[in-house]
Chemist: 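Sharing a structure with you now.
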Amino acid sequence: MRVLVVEDHPTLGRALIHGLTIEGFAVDLATDGEEGLHKAGETAYDAIVLDIMLPRLNGYDVCRRLRAAEDWTPVLMLTAKDGEYDEADGLDIGADDYLTKPFSYVVLTARLHALIRRGCSPRPAILRVGDLLLDPGGRTCVRAGTPIELTTREFSLLEYLVRHEGQVVSKQEILTHVWAEHFDLDPNVVEVYIGYLRRKIDAPFEARSIETVRGAGYRLAASGG
């Protein structure tokens, strides 16, 4: 399995090459973000080990540009930071996993094997259905280039529908995943919030994205129209 390591610290870079080679990986090294992005575009890697604090282009930007180019190579981010927001930022822009320095090579190789088994299926950071764009990380919604203000609950409901595009989801499924802490809620609250969403994401654009499937639930039309 071929792995790209993007790490600017000389000692750690050499150690990663040595440790991963012993574990059976073929390893290439890039020492800055731009070089890493270039190598990732030139070679089909099975996984990328990506430091966050890099010269020329940081790890966040490298990952963001890879995903924008629809490169779904699994990315494991390395960081000297241990704040939960730094970890969340990496995952929100499309990284698949992270490790905080210092780390165990046993854990690193195990996580790489797990990512490689998972493969390169599309995992876009921004969700799209037709002209409707949803950014779960930035908590933004845009349709036909127009920003749409959503409450936290409206956003969660729309995200659930988008992630199940073209599928019928029942009221109970929606309650469980969107209102998980309130199992005793009246299921009709779903109808109320579906109405809120239709007034915001459909009516102003003369669209009918959210369909009611009688006796079954709701479906976000695959066409978005």
Side-chain angles (χ1 to χ4, degrees), residues 60-75 77 84-98 118-225:
Y60 293 135
D61 287 336
V62 172
C63 186
R64 187 180 291 110
R65 293 190 188 187
L66 287 172
R67 298 311 188 225
E70 298 188 352
D71 183 333
W72 308 113
T73 304
V75 171
M77 301 195 88
E84 60 183 8
Y85 292 107
D86 300 304
E87 298 160 5
D89 286 343
L91 297 175
D92 281 342
I93 62 174
D96 300 278
D97 202 354
Y98 66 88
R118 200 177 303 167
C120 298
S121 58
R123 302 174 301 282
I126 296 179
L127 307 175
R128 177 191 295 269
V129 178
D131 60 357
L132 179 66
L133 302 178
L134 202 66
D135 180 356
R139 306 295 290 180
T140 59
C141 177
V142 175
R143 182 155 216 172
T146 302
I148 301 171
E149 291 292 331
L150 299 175
T151 67
T152 299
R153 192 71 68 185
E154 290 167 353
F155 192 96
S156 296
L157 174 55
L158 182 56
E159 181 180 355
Y160 186 72
L161 293 172
V162 168
R163 291 190 184 277
H164 294 81
E165 174 193 351
Q167 303 174 30
V168 178
V169 291
S170 68
K171 287 183 181 179
Q172 191 56 55
E173 287 175 309
I174 292 172
L175 281 174
T176 299
H177 291 276
V178 179
W179 281 271
E181 72 276 25
H182 298 300
F183 288 106
D184 58 341
L185 278 175
D186 184 338
N188 288 329
V189 72
V190 176
E191 291 183 26
V192 173
Y193 274 82
I194 289 290
Y196 293 159
L197 281 182
R198 283 172 169 156
R199 285 194 288 274
K200 290 186 176 183
I201 73 165
D202 277 351
F205 304 93
E206 298 183 351
R208 298 180 64 184
S209 302
I210 304 175
E211 302 173 347
T212 299
V213 181
R214 292 191 178 278
Y218 301 95
R219 174 173 55 211
L220 188 71
S223 64

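Everything numeric in this text was worked out from a predicted model, so none of it was measured.
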Chemist: Apply side chain to side chain contact (heavy atoms under 4.5 Å, CB included) to Leu157 and Leu150, showing your working.
Modeler: CA-CA 10 Å; Leu157 174 55; Leu150 299 175; over 6 Å; no
Chemist: Just verifying a value: how many Å separate Leu220 CG and Ile201 CD1, rounded to the nearest 0.5 Å?
Modeler: 6.0 Å
Chemist: Looking only at heavy atoms, what is the nearest atom pair of Val169 and His164, with distance?
Modeler: CG1-CB, 4.0 Å
Chemist: Assess the residue pair Leu197 and Tyr193 against the criterion (side chain to side chain contact (heavy atoms under 4.5 Å, CB included)); give the C-alpha distance rounded to whole Å, side-chain angles, the decisive distance to 0.1 Å, and a yes or no.
Modeler: CA-CA 6 Å; Leu197 281 182; Tyr193 274 82; 5.9 Å; no
Chemist: Kindly give the heavy-atom pair with the smallest separation between Phe205 and Ile148, and that separation in Å.
Modeler: CE1-CD1, 3.8 Å
Chemist: Just say parallel, tilted or perpendicular for the rings of His177 and Tyr160, cut-offs at 30° and 60°.
Modeler: parallel
Chemist: So, Glu191 side chain and Asn188 main chain: donor-acceptor pair closer than 3.5 Å or not?
Modeler: no
Chemist: Under 6.0 Å from the CZ atom of Arg128, do we count more than 12 heavy atoms belonging to anything else shown?
Modeler: no
Chemist: Can you tell me if Asp202 uses its side chain to pair, donor with acceptor, with the backbone of Ser209 under 3.5 Å?
Modeler: yes
Chemist: Which heavy-atom pair separates Gly94 from Cys63 by the least distance, and what is that distance?
Modeler: C-SG, 3.7 Å
Chemist: Between Arg199 and Pro204, what is the shortest heavy-atom contact and its length?
Modeler: O-CD, 3.2 Å
Chemist: Determine whether a donor-acceptor pair (N or O, by modelled atom type, separation under 3.5 Å) exists between the side chain of Lys200 and the backbone of Glu149.
Modeler: yes
Chemist: Roughly how far, to the nearest 0.5 Å, is the CZ atom of Arg64 from the CG atom of Leu66?
Modeler: 11.5 Å
Chemist: Drop me the distance from Leu127's CG to Arg163's CZ, to the nearest 0.5 angstrom.
Modeler: 4.5 Å
Chemist: Before giving the answer on side chain to side chain contact (heavy atoms under 4.5 Å, CB included), spell out for Tyr218 and Glu211 the whole-Å C-alpha distance, their side-chain angles and the decisive distance to 0.1 Å.
Modeler: CA-CA 6 Å; Tyr218 301 95; Glu211 302 173 347; over 6 Å; no
Chemist: Please answer whether the main-chain N or O of Ile210 pairs with a side-chain N or O of Arg198 as donor and acceptor at a distance below 3.5 Å.
Modeler: yes
Chemist: Step by step, work out the side chain to side chain contact (heavy atoms under 4.5 Å, CB included) result for Leu175 and Val189.
Modeler: CA-CA 9 Å; Leu175 281 174; Val189 72; 3.7 Å; yes
Chemist: Evaluate the side-chain proximity of Leu132 to Cys141: yes if any heavy-atom separation is below 4.5 Å, no if none is.
Modeler: yes
Chemist: Does any N or O in the side chain of Asp96 come within less than 3.5 Å of the main-chain N or O of Val75, such that one atom is a donor and the other an acceptor?
Modeler: yes
Chemist: Please confirm whether the backbone N or O of Pro147 pairs with a side-chain atom of Arg143, one donor and one acceptor, at under 3.5 Å?
Modeler: no
Chemist: Within this structure, what is the NZ-OG1 distance for the pair Lys171 and Thr176, rounded to the nearest 0.5 Å?
Modeler: 14.0 Å
Chemist: Please round to the nearest 0.5 Å and tell me the distance separating atom CG of Leu161 and atom CZ of Arg219.
Modeler: 11.5 Å
